[in-house]
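Reading through the structure tokens given below for one structure.
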Amino acid sequence: MPTYKELLAQRTSLEARIAQARDLEASAALNEIHSLMEKYGLSVSDLPPVPVSGRRTPVEAKASPVLYRDPETGKTWSGRGRTPSWLGRDRGRYRVPQPPSEPRGG
């Protein structure tokens, strides 16, 4: 069984061979691409943009409007998540008046 140092030396040698093979194959691929572009009269500007796969632009979290406010402490609740203890059973007295919503155009 090879020793740790021997295996590291083999890995170093193998990594160098891998890099060399990759460079050789990449060079051949580029030559083929250049040949095809020349054959069909294409330029780099003819290439479509590369799609970004699997990534979406992050959606900003929309702040929920305040629906309830405790007049004593000023604490608020948007109606989402766990109900705060200060709200109690009579929610009506803590309700914040909402401006009328705009009708959606269609």
Side-chain angles (χ1 to χ4, degrees):
M1 174 172 237
T3 66
Y4 175 71
K5 286 187 178 186
E6 291 171 339
L7 289 171
L8 286 177
Q10 288 177 9
R11 181 176 75 179
T12 303
S13 172
L14 184 58
E15 286 174 347
R17 289 175 48 202
I18 290 170
Q20 185 180 20
R22 185 207 174 279
D23 290 345
L24 186 64
E25 290 178 24
S27 177
L30 284 174
N31 287 336
E32 185 177 347
I33 291 169
H34 283 286
S35 173
L36 290 170
M37 289 177 73
E38 188 176 311
K39 179 179 178 179
Y40 293 102
L42 299 172
S43 69
V44 174
S45 62
D46 295 322
L47 298 175
V50 177
V52 180
S53 62
R55 294 186 184 187
R56 294 182 179 172
T57 55
V59 178
E60 283 190 34
K62 206 176 192 183
S64 299
V66 173
L67 298 179
Y68 303 95
R69 182 182 318 276
D70 182 359
E72 294 177 17
T73 63
K75 292 182 180 180
T76 61
W77 185 52
S78 66
R80 294 185 177 201
R82 187 173 168 201
T83 306
S85 60
W86 56 262
L87 192 57
R89 292 180 187 242
D90 183 16
R91 294 183 179 189
R93 66 183 188 160
Y94 296 106
R95 185 82 177 167
V96 174
Q98 298 295 312
S101 61
E102 296 180 17
R104 294 184 183 192

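- Residue Glu72 places its CD atom among 12 or fewer non-hydrogen atoms of other residues, nucleotides or ligands, all under 6.0 Å distant.
- The shortest non-hydrogen separation linking Ser64 to Arg80 is OG-NE, 3.4 Å.
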Original post:
Is there a side-chain contact (heavy atoms from CB on, under 4.5 Å) between Asp46 and Ser43 once you walk through the steps?
Top reply: CA-CA 5 Å; Asp46 295 322; Ser43 69; 3.5 Å; yes
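- From Gln20, atom CD reaches atom CG of Asp23 across 8.0 Å, with rounding to the nearest 0.5 Å.
- Once rounded to the nearest 0.5 Å, the distance linking CZ of Arg95 with CG of Leu87 reads 10.0 Å.
- Between Trp86 and Tyr94, the ring centre distance stays below 6.0 Å.
- For Glu32, the CD atom sits in a loose shell: 12 or fewer heavy atoms of surrounding residues, nucleotides or ligands are nearer than 6.0 Å.
- The distance from the OG1 atom of Thr12 to the CZ atom of Arg17 is 13.0 Å, given to the nearest 0.5 Å.
- Val96 and Val66 get closest at one heavy-atom pair: CB-O, 3.9 Å.
- A distance of 11.5 Å separates OG1 in Thr83 from CZ in Arg89, rounded to the nearest 0.5 Å.
- Summarising the geometry, atom CD belonging to Glu38 is positioned 14.0 Å from atom CD1 belonging to Ile33; distances are rounded to the nearest 0.5 Å.
- Atoms CD and OG, on Glu25 and Ser27 in that order, are 11.0 Å from each other to the nearest 0.5 Å.
- No path of Ile, Leu, Val, Met, Phe, Trp and Tyr side chains, each step under 4.5 Å between heavy atoms, connects Val50 with Val44, placing them in separate hydrophobic clusters.
- The nearest pair of heavy atoms linking Arg82 to Trp77 is O-NE1, 3.4 Å.
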